[in-house]
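The structure appears right after this line, and notes come after that.
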Amino acid sequence: MNRIAFSRFAARPLARTYHSVGQSSASPAQLVQDALGLQPKAASVLLKTLDTQVPAHGFSETAITTELRSQGLSDAARQVFPHGRGGVLDLVLTHLVRERARLFEFAEETSLVRSEKTLLDNVSALVRRRIQGNEPIGEHLSDVLSKLALPTNMGASLKELHALSDDIWFLAGDESHDFSWYNRRLVLSSLYVSTEMFMSQDRSSGYRDTYEFLERRLAEANTAKYVYESVGEWSWFNALAVYNIQKAFFSRG
C-alpha cells in the first residue's frame, strides 16, 4: 500500500463530547468514526470485520488481517489504527460503540421517552437491549472483557463505559443537573459491568440465566432508588466497584 493510500486510512484526531445531546441523528457507522477518530475506510474495515470475521476468528489480529486481504489491502494497514496492537482494541471498541449507537435507533423505534413508562422502566429496557447486542459475540465475550481489563486498555474501557451509561440515562429521559447525575451513571456502570461478567460465563439456553440475573439487579436498583440521590461514599464505592470487577476478572485469566 502506498503513502497516499495509508493517509486515507489513517485515524483522525479523536473528538467526542461527554454528553449525548445531538448524537441521535448520526448512524452507528458515523458514531464509530467519531468516537474512535477513524477515517471512513478504517471504520468500514472494522465494521465489516465484526460481521464477517469475528464469528470465526474472534477479536484478533487474524480477523482483521483476513478482512484486509479480502478487500485487497495490505496487512500493514493494521498498524494505522489509533490504539495500536494491530487494531484489536479498536475492533473491540468498534463493537462497543456500534451497539451503544444502536440504542438510539431502539429508543426512536419504540418511542421510548414519549411512552408512559417511568424513567427506571426506560433504563431497564435500554440495558436489556444493550445486553442483547452481546449475544452474537457471546462465545467471545470473555476474551473481550479480558482485553478491556488490561491496564493499558483501562482508560479506553472506562471512557466507553461512561459513554454507555451517559447515553442510556439520556435516552431514558434523565434531566438531572445536580450531583445525582454522577451517581446515576456510576450505579448503572456497576450494574452493567456485573451483568456482562455474568453473561461471559453463562451457558444457559438463550442466555436465560443472564436475563434473570439482570432482572434481579434492576429490581434492586428500583427498590433502592434513593441511592441515586446520595453523595460521597456511594459514588466512590461504585467507581471502585467498576474497577475491581474488571480487575478481578483479569486476574482469573
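Only a predicted model underlies this, so the values are computations on that prediction, with no experimental measurement involved.
How far CD of Gln71 is from OG1 of Thr66: 11.5 Å, rounded to the nearest 0.5 Å. Rounding to the nearest 0.5 angstrom, the gap separating the NE2 atom in His95 from the CZ atom in Arg100 is 12.0 Å. Between the CG atom of Leu93 and the CD atom of Glu160 there is a distance of 6.5 Å, given to the nearest 0.5 Å. Expressed to the nearest 0.5 Å, how far OG of Ser60 lies from CG of Asp143 amounts to 8.5 Å.
In this structure, the side chain of Asn122 engages the main chain of Ala172 through a donor-acceptor pair within 3.5 Å. Side chain of His57 to main chain of Pro55: no donor-acceptor pair is present (N/O by atom type, distance under 3.5 Å, no hydrogens or angles). Judged purely by atom type and a 3.5 angstrom limit, Ser146 uses its side chain to pair as donor or acceptor with the backbone of Ser142. One N or O on the side chain of Ser200 and one on the backbone of Met197 form a donor-acceptor pair closer than 3.5 Å.
Remark: Ser70 engages Glu67 in a side chain to side chain donor-acceptor pair (under 3.5 Å) (not counting sequence neighbours). Shown here are the side chain to side chain contact (heavy atoms under 4.5 Å, CB included) partners of His140, two or more places apart in sequence or in another chain: Val54, Phe59. For Asp202, there are no salt bridge (Lys or Arg N to Asp or Glu O under 4.0 Å) partners at least two apart in sequence or on another chain. Applying the side chain to side chain donor-acceptor pair (under 3.5 Å) rule to Ser165 yields the partners Ser189; only residues at least two apart in sequence or on another chain are considered. For Ala43, the side chain to side chain contact (heavy atoms under 4.5 Å, CB included) criterion is met by Val32, Gln33, Leu38, not counting sequence neighbours. By the side chain to side chain donor-acceptor pair (under 3.5 Å) test, Ser111 is found to be paired with Arg114, residues two or more places apart in sequence or in another chain being considered. Considering only residues two or more places apart in sequence or on other chains, Asp209 meets the salt bridge (Lys or Arg N to Asp or Glu O under 4.0 Å) condition with none of them. Partners of Arg216 by side chain to side chain donor-acceptor pair (under 3.5 Å), not counting sequence neighbours: none found. Residues that satisfy the ring pair (Phe, Tyr, Trp, His ring centres under 6.0 Å) test with Tyr211, not counting sequence neighbours, are absent from this structure. Tyr192 meets the ring pair (Phe, Tyr, Trp, His ring centres under 6.0 Å) test with no other residue; sequence neighbours excluded. Scored by the salt bridge (Lys or Arg N to Asp or Glu O under 4.0 Å) test, Glu212 finds no partners at all (sequence neighbours excluded).
With contacts defined as side-chain heavy-atom distances shorter than 4.5 Å, the pair Ile131/Glu196 qualifies. Side-chain contact check for Ser204 versus Thr210: every heavy-atom pair is 4.5 Å or farther apart. When side chains are defined from C-beta on, Phe81 does not count as touching Leu89, because their heavy atoms never get closer than 4.5 Å. Within the 4.5 Å cutoff, no side-chain heavy atoms of Asn153 are placed close to those of Leu148. With a 4.5 Å cut-off on side-chain heavy atoms, Leu191 and Glu220 do not count as touching. Contact check for Arg128 versus Leu214: side-chain heavy atoms found under the 4.5 Å cut-off. Between Phe170 and Phe104, some side-chain heavy-atom pair lies under the 4.5 Å cut-off. Using a 4.5 Å cut-off on side-chain heavy atoms (C-beta onward), Glu105 and Pro28 make contact.
Phe213 and Val193 are members of different hydrophobic clusters when ILVMFWY side chains are connected at heavy-atom separations under 4.5 Å. Following chains of ILVMFWY side-chain contacts shorter than 4.5 Å, one cannot reach Leu145 starting from Phe198, and the two form parts of different hydrophobic clusters.
Glu99 has a carboxylate O that lies under 4.0 Å from a charged side-chain N of Arg102, or vice versa, which qualifies the two as a salt bridge. Between Asp167 and Arg130, no side-chain nitrogen of the basic residue sits less than 4.0 Å from a carboxylate oxygen of the acidic one, so the salt-bridge criterion is not met.
Of all heavy-atom pairs spanning Val127 and Leu188, the tightest one is CG2-CD1, 3.7 Å. Pairing each heavy atom of Leu126 with each of Leu103, the nearest pair is O-CD2, 3.6 Å. Shown here for Asp90 and Leu36, the closest heavy-atom pair between the two residues is O-CD1, 3.8 Å. The two residues Phe106 and Arg129 come nearest to each other via the heavy atoms CG-CG, 3.7 Å. Taking each heavy atom of Asp75 and Leu68 in turn, the nearest pair found is O-CD1, 4.2 Å. Here the closest non-hydrogen pair linking Ile64 and Val88 is CD1-N, 3.8 Å.
Trp181 carries Arg185 over the face of its six-membered ring, with the cationic atom under 6.0 Å from the centre and within 45° of the normal.
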Intermediate values then yes/no, side-chain contact (heavy atoms from CB on, under 4.5 Å), Lys159 and Met154 = CA-CA 8 Å; Lys159 182 178 180 180; Met154 189 64 73; over 6 Å; no
Check step by step if side-chain contact (heavy atoms from CB on, under 4.5 Å) holds for Trp169 and Ser176.
-> CA-CA 10 Å; Trp169 278 110; Ser176 62; over 6 Å; no
side-chain contact (heavy atoms from CB on, under 4.5 Å) between Leu96 and Leu161, worked out = CA-CA 9 Å; Leu96 300 182; Leu161 180 61; over 6 Å; no
Just do the side-chain contact (heavy atoms from CB on, under 4.5 Å) check on Asn134 and Ile137 with the steps written out, would you?
-> CA-CA 6 Å; Asn134 285 337; Ile137 60 115; 4.2 Å; yes
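Arg217 and Thr195 share no donor-acceptor pair across their side chains, judged by distance under 3.5 Å alone. A donor and an acceptor atom, one from each side chain of Thr118 and Asp121, are located under 3.5 Å apart.
For residues 49-63, every residue pair satisfying the salt bridge (charged side-chain N to carboxylate O under 4.0 Å, His left out) rule, not counting sequence neighbours, is listed here: Asp51-Arg98, Glu61-Arg78.
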